[in-house]
Number of protein chains: 2
Amino acid sequence: MEKNLSLLKRSALFLGVDEGEIESMLGCLGAKTQDYGKEEYVLREGDSPEAVGLLLSGGILIVQEDYWGNRNIRARIVPGQVFAEAFACVPGAVMDVSVLTDEKSRVLWLNVQRVLHTCPSACAHHSRMIRNLLSDLAENSLRANEKLTHISRRSTREKLLSYLSAEARRQGRAEFFIPFNRQQLADYLSVERSAMSAELSRMQRDGILSVDKNRFP
Amino acid sequence: MEKNLSLLKRSALFLGVDEGEIESMLGCLGAKTQDYGKEEYVLREGDSPEAVGLLLSGGILIVQEDYWGNRNIRARIVPGQVFAEAFACVPGAVMDVSVLTDEKSRVLWLNVQRVLHTCPSACAHHSRMIRNLLSDLAENSLRANEKLTHISRRSTREKLLSYLSAEARRQGRAEFFIPFNRQQLADYLSVERSAMSAELSRMQRDGILSVDKNRFP
DNA sequence: ACAATTTTGTTGTAAATGCAACAGAAAGAG
DNA sequence: CTCTTTCTGTTGCATTTACAACAAAATTGT
């Protein structure tokens, strides 16, 4: 659990809360961990989750599937990040996406409704948690906006460039890794995998970038 | 101002706050109104707004323009709605979109940082405001998600159907109006206007829908 | 190390989209 | 009302993408 605590301390949700306080807040939030195997559903379209998930280890994908199994990847969640917070914060909101693991994962479920509905003075840390949740939702909104920037581009090449330069900027160096394989990247950018592969080849031929598996440049 | 108050009372930000309290909160938030002409910038890409905007009258668009003036519309804000809240809530966040009026508009600027940074007990309504802001951000996130659903569709027809059925659902009846003209709708769905017009014609010919200007079906 | 499975890149063809140009309809100005 | 401007739909053509099928490369399990 020590390892988890250090992860929690660095997560957006527990920002500015020291380890001792985190433990008492976990009780307050009815925290429960749950383990999932590889490629297992964590939440399904149609669910109305009451708790937010905080990924402790592994990796999960937020995906949407249309009527004929065409899959669109909304985001990849890495350890320390929170998911389903918007649905958990809007009572009765029905998920139009599913959450599933990409690898063996462990999730910490936090019932934030308790924090939202009881008087903030009931627990000294409630207001801190609410403000952290607010920051998280705001950042979540900025991330969704960023994805909209990528997939609003008209051509596959522009989408790739938009995504890759954002990723390079985020990782803050010339060499960077992307958290997707080719099929997942195509599903993330809403393009066709083979066409995207071909485009990546042309971009390398044109000297715009170089790529070795998931390593750019 | 009475008219404004009744609008504010119905807005997400002041939900559950009665009129008398709203007036005192407005002082607390350093509220200022500002008027804008038709097609005037309210915020520009690169700005880091410190206040959230609440639209009192008129109509505004959240847009993103790429290097060659290709415009993408993120959302249309109608009176009572809030905008730029995610940027205002993440200190230092730089806008990657612009906000401009579609018609003559009046905006109420609210400095929410004061509410976020001082102790919640300083004003009895701070915690209410924070929770309302949280709800608003969560709903904002759901709306961004919804837009992602539309533009992730592969074909123009699918994008139109996804958007139009969502709009019909939201307005809760068979007959509904959309808040965009053809060019704006194309910019919203990231497709080409003339191709979209042609597709709308084909869809009518196929009996999928009927459309008269902005009225469906 | 080998076989089986999955992932990735390549190619050809059909279909869809972007673009440009234009004409009719609608809206706005005087 | 008339003229001007803006908006919308239509069409042809060049370009791009989706789809399917396949081969090469990499990964996994035994």
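The basis for the numbers below is simple: all heavy atoms, side chains too, and nothing from hydrogens, waters or symmetry mates. Every chain is numbered from 1 and lettered A, B, ... according to where its sequence line falls, protein lines coming before strand lines.
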Worksheet item: NA contact type, S201(A), heavy-atom cut-off 4.0 Å: base, sugar-phosphate, or nothing?
Response: sugar-phosphate

Fill in: Shortest non-hydrogen separation from F176(A) to L164(A) and the atoms involved
CZ-O, 3.6 Å

Item to complete: Starting from the first five and the last five pairs of the helix from dA1(C)-dT30(D) to dG30(C)-dC1(D), work out the angle between the resulting helix axes, to 10 degrees.
Response: 60°

Worksheet item: Does a salt bridge link E192(B) with K159(B), judged by any charged N lying under 4.0 Å from a carboxylate O?
Response: no

Item to complete: Return the value, rounded to whole Å, for the distance between atom NZ of K159(A) and atom C1' of dA18(D).
Response: 12 Å

Item to complete: Among the candidates dC7(D), dT11(D), dT11(C), find the nucleotide nearest to the side-chain atoms of A198(A).
Response: dT11(C)

Discussion item. Pairing donors with acceptors under 3.5 angstrom, does anything connect the side chains of T149(A) and Q64(B)?
Written reply: yes

Practice prompt. In whole angstrom, give the distance that lies between atom CG of N72(A) and atom C1' of dA18(D).
Written response: 16 Å

Practice prompt. Nearest whole angstrom, please: distance from the C1' of dT6(D) to the CD of E103(B).
Written response: 17 Å

Worksheet item: If the sugar-phosphate is the primed atoms plus P, OP1 and OP2 and the base is the rest, what is the B/S/- string for nucleotides 13-19 of chain C, using protein heavy atoms under 4.0 Å?
Response: ----SSB

Discussion item. I'd like to know if R143(A) and E146(A) make a salt bridge, using a cut-off of under 4.0 Å between side-chain N and carboxylate O.
Written reply: no

Discussion item. Please report the distance, rounded to the nearest Å, between CE in M203(B) and P in dG9(D).
Written reply: 13 Å

Worksheet item: Quick one: does S105(B)'s side chain have a donor or acceptor within less than 3.5 Å of a partner on G59(B)'s backbone?
Response: yes

Worksheet entry | Any donor-acceptor pair under 3.5 Å from S48(B) side chain to A93(B) backbone | yes

Response to the item:
In whole angstroms, the gap separating C1' of dT6(D) from CD of Q183(B) amounts to 12 Å

Discussion item. How close do E65(B) and E45(B) get, counting heavy atoms only, and between which atoms?
Written reply: O-OE1, 4.1 Å

Practice prompt. For L160(A) and dT16(D), give me the distance from atom CG to atom P, rounded to whole Å.
Written response: 15 Å

Worksheet item: Which whole-number value in Å describes the distance from L200(A) CG to dT17(D) P?
Response: 12 Å

Response to the item:
Here the salt bridge (charged side-chain N to carboxylate O under 4.0 Å, His left out) pairs for residues 26-37 of chain B, sequence neighbours left out, are D35(B)-R106(B)

Response to the item:
Minimal heavy-atom distance between K147(B) and N72(B), with the atoms involved, is NZ-OD1, 3.6 Å

Discussion item. Please report the distance, rounded to the nearest Å, between CE in M196(A) and C1' in dA18(D).
Written reply: 14 Å

